Amino acid sequence: MYDEISASGDESPSVSGCGPLLPTASASAKPLRQQIFEHVRGAGRAARTDVTRALGISAGSATTLTAELIATGLLREVEGLPRETGRGRPPVALEVVSEACHVIGIKLSDEVHSAVLTDFSGQMLADASLPTPPTRKGLDDLLDEIGVLVALVLNGSGKDMCDIAAVGIGLSGIVDHHTGTVPWSPLLADRDMDVATAFVARFGVPLYLDNDANVLTLAELWFGAGRSMTDFAVVTIEHGVGMGLVLDNRLFRGSRGMGLELGHTKVQLDGALCRCGQRGCLEAYLADYALAREAATALHRNPRNLQSPNAMLDALFAQAKGGNEAARTIFRRAGRYLSVGLANVIQLFDPELIILSGERMQYDYLYSDEVLADMHKLTLNDGRKACRVEIHAWGDLVWARGASALALAAVTDKIMGEARA
């Protein structure tokens, strides 16, 4: 058997609660108060007895610490849990005070920016999108666009900027999450931009920045299939090729916060030119601009025309489905390079699951049986069950929700740290 595949629609199904459901080896490093809060948020609603069992703590500790969380306005008691057979009154449950905090998550992209406004329980209250010219921008111009997008999502929610505790942003390129700087991004005209400092100076709200593949991985970890998994990888194919990795139920970024740039691993010495300026990157054979580069030849288009890559690729895919062998060859070649990239991910990290996402996943040539068969042949399985592969949602709001999780996690750490101080 080759790897299993499943596909989903534009949005992940709604689930109760948000956040990782499994403990990590580093969970004990968090204050017990925070562990309780995050367990309740993850479950959606939980009785105190559930908390004691899940965290292995005494009933007295659970009672004391939940009372503190209630007193500080972070948790509240509600009724609604099912009554056990033969028992009396339904147990009182705990849930997050959703209105205690609000954050905004933003996905910055080449053609459309998107944003969501989320409450403290992880529920999305409003969303907005903003078309943008597909050109590299100066930092001030990008901040202008972010300002318009934030105003749109605030208007849709009835909130003001003073109601927002933090903003999370995901964008493509090399992003230093810890410092909020962007050494390089295809969206920015300049290198080494201190985006976080400029954002705070403009909007007066803390910013948490990360690579867009990482925020999509957070979306899976907080809201999707990764909630109950300890190890999985997300590979994205859109305007670029990205990767996010969860190890021990936590997002792995590398020692300097700039690891896992799968799109810029080399698959051909002195190969095709990548938009990063180097040659032979995996992205240079898979991303939008790489496929569009060859599509112009296959479709006999003038390479100087102003047709967008999306329109060009849609036309190329239609031609491939209609029997155009040149168009089919382009997708098959891209699929072979993708199989190499996925095989390398499996050999390096041995994940339980690889999730393929991004707008290009609408092109089924990239996850055909042949691609998965090639990936299987390139890995050392030694009779073991092969890594599962799933195709997941690629709507822009999924990425923005992941950015909201980035902000929620940071705000939670901050609030719990202040409570402990």
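Just so you know, these numbers come straight off a predicted model, no measurement behind them. FYI, the numbering just counts along the sequence from 1.
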- Given side chain to side chain contact (heavy atoms under 4.5 Å, CB included), test L245 with T217 step by step and report yes or no. CA-CA 7 Å; L245 180 69; T217 305; over 6 Å; no

- Can you name the closest pair of heavy atoms from V116 and L397 and give their distance? CG1-CD2, 3.7 Å

- Message: With a 6.0 Å cut-off on the ring centroids, do W399 and H113 count as close?
- Response: no

- Message: Salt bridge or not between R275 and E283? Use side-chain N to carboxylate O under 4.0 Å.
- Response: yes

- Message: For the CG atom of L117 and the CD atom of Q123, what is their distance to the nearest 0.5 Å?
- Response: 12.5 Å

- Query: If we ignore angles and hydrogens, is there a donor and acceptor under 3.5 Å between the side chains of E220 and H392?
  - Reply: yes

- With V112 via side chain to side chain contact (heavy atoms under 4.5 Å, CB included) - residues at least two apart: S129, D396

- Close side-chain approach of I36 and T66, heavy atoms under 4.5 Å: yes

- Message: Restricting to non-hydrogen atoms, name the atom on L316 and the atom on A295 that form the minimum distance, rounded to 0.1 Å.
- Response: CD2-CB, 3.9 Å

- Task: Can you tell me which residue pairs pass the salt bridge (charged side-chain N to carboxylate O under 4.0 Å, His left out) test with a partner in residues 112-122, sequence neighbours excluded?
- Result: none

- Task: Provide the closest heavy-atom pair for C387 versus P351 in the form atom of the first, atom of the second, distance.
- Result: SG-O, 3.5 Å

- Please test T236 against I355 for side chain to side chain contact (heavy atoms under 4.5 Å, CB included), starting from the C-alpha separation and ending with a verdict. CA-CA 8 Å; T236 64; I355 296 170; over 6 Å; no

- Message: Is a donor from one side chain sitting under 3.5 angstrom from an acceptor on the other, for T63 and R48?
- Response: no

- Does the R227 side chain pair with the main chain of G42, one donor and one acceptor, at a distance under 3.5 Å? yes

- R76 CZ to R45 CZ distance, which is reported to the nearest 0.5 Å: 8.5 Å

- Query: Does K321 come within less than 4.0 Å of D364, counting only side-chain N to carboxylate O?
  - Reply: yes

- Message: Donor-acceptor check, side chain of R360 to backbone of L366, threshold 3.5 angstrom: yes or no?
- Response: no

- Query: Any side-chain heavy-atom pair from V175 and V195 closer than 4.5 angstrom?
  - Reply: no

- So do F232 and I354 actually touch side chain to side chain, heavy atoms under 4.5 Å? no

- Aromatic ring proximity, centroids under 6.0 angstrom, F252 and F349: no

- Task: Verify, without hydrogens or angle tests, whether N249 (side chain) and L22 (backbone) share a donor-acceptor contact under 3.5 angstrom.
- Result: yes

- Message: Quick check against the 3.5 Å criterion: does D374 have a side-chain atom that pairs as donor or acceptor with the backbone of V371?
- Response: no

- Item | L408, D413, I415 screened by side-chain contact (heavy atoms from CB on, under 4.5 Å) with V411, the one that passes | I415

- Task: Determine the minimum heavy-atom distance between G122 and F223, stating which atoms define it.
- Result: O-CE2, 3.7 Å

- Does L94 offer a backbone N or O that forms a donor-acceptor pair with the side chain of E77 under 3.5 Å? no

- Kindly compute the distance separating OG (S404) from CE (M124), expressed to the nearest 0.5 Å. 9.0 Å

- Task: Drop me the distance from T412's OG1 to L74's CG, to the nearest 0.5 angstrom.
- Result: 9.0 Å

- Query: Looking at K266 and C281, what are the two nearest heavy atoms and their distance?
  - Reply: NZ-SG, 3.5 Å

- Message: Is there a side chain to side chain contact (heavy atoms under 4.5 Å, CB included) between L139 and L143? Walk through the geometry before answering.
- Response: CA-CA 6 Å; L139 182 53; L143 290 175; 4.2 Å; yes

- Message: Between R332 and E370, does the salt bridge (charged side-chain N to carboxylate O under 4.0 Å, His left out) criterion hold? Intermediate values first, please.
- Response: CA-CA 9 Å; R332 286 176 185 151; E370 290 80 4; over 6 Å; no

- Item | Derivation of the side chain to side chain donor-acceptor pair (under 3.5 Å) call for D314 and Y363 | CA-CA 9 Å; D314 287 344; Y363 303 146; 2.8 Å; yes

- Task: Validate the cation-pi geometry between R333 and Y285: distance from NZ or CZ to the six-membered ring centre under 6.0 Å, angle to the ring axis within 45°.
- Result: no

- Task: Check whether the ring centres of F37 and F120 lie less than 6.0 Å apart, and answer yes or no.
- Result: yes

- Message: Strictly below 4.0 Å, N to O, side chains only: are E99 and K159 in salt-bridge contact?
- Response: no

- Message: Can you tell me how far apart CG (L372) and OG (S339) are? Round to the nearest 0.5 Å.
- Response: 9.0 Å

- Message: Quick check: do L282 and Y337 have side-chain heavy atoms less than 4.5 Å from each other?
- Response: yes

- Has the side chain of S185 got a donor or acceptor atom that lies under 3.5 Å from a matching backbone atom of S172? yes

- Is E95 salt-bridged to R41, going by a charged N under 4.0 Å from an acidic O? no

- Message: Any heavy-atom pair between the side chains of V345 and L262 that's under 4.5 Å?
- Response: yes

- Task: Consider only side-chain N and O atoms of S61 and S58, and report whether a donor and an acceptor are under 3.5 Å apart.
- Result: yes

- Exam field: side chain D231 to backbone D248, donor-acceptor pair closer than 3.5 Å: yes

- Item | Non-hydrogen side-chain atoms of N211 and E261 separated by less than 4.5 Å | yes

- Query: Is there a donor-acceptor pair under 3.5 Å between the side chain of Q347 and the backbone N or O of L380?
  - Reply: yes

- Message: Could you walk me through whether H239 and D288 satisfy the side chain to side chain donor-acceptor pair (under 3.5 Å) test, starting with their C-alpha distance in whole Å, then the side-chain angles of each, then the deciding distance to 0.1 Å, before giving a yes or no?
- Response: CA-CA 5 Å; H239 306 291; D288 284 4; 3.1 Å; yes

- Heavy-atom donor-acceptor pair, T197 side chain to D194 backbone, under 3.5 Å: no

- Task: Run the numbers on D110 and L187 for side chain to side chain contact (heavy atoms under 4.5 Å, CB included), then give the verdict.
- Result: CA-CA 7 Å; D110 293 72; L187 305 183; 3.9 Å; yes

- Query: To the nearest 0.5 Å, what is the distance between CG (L406) and CG (L218)?
  - Reply: 6.0 Å

- Okay, side chain of R279, backbone of A272: is any donor-acceptor separation there less than 3.5 Å? no

- Before giving the answer on salt bridge (charged side-chain N to carboxylate O under 4.0 Å, His left out), spell out for R253 and D210 the whole-Å C-alpha distance, their side-chain angles and the decisive distance to 0.1 Å. CA-CA 10 Å; R253 293 187 175 93; D210 214 331; 2.7 Å; yes

- Query: L378 versus V340: any side-chain heavy-atom pair under 4.5 Å?
  - Reply: yes

- Message: Testing the basics here: between G168 and A407, what is the closest heavy-atom pair and its distance to 0.1 Å?
- Response: N-CB, 3.7 Å

- Step-by-step side chain to side chain donor-acceptor pair (under 3.5 Å) determination, K137 to T132: CA-CA 10 Å; K137 303 172 179 66; T132 177; 3.0 Å; yes

- Query: Is there side-chain contact between S114 and S109, with heavy atoms separated by less than 4.5 Å?
  - Reply: no

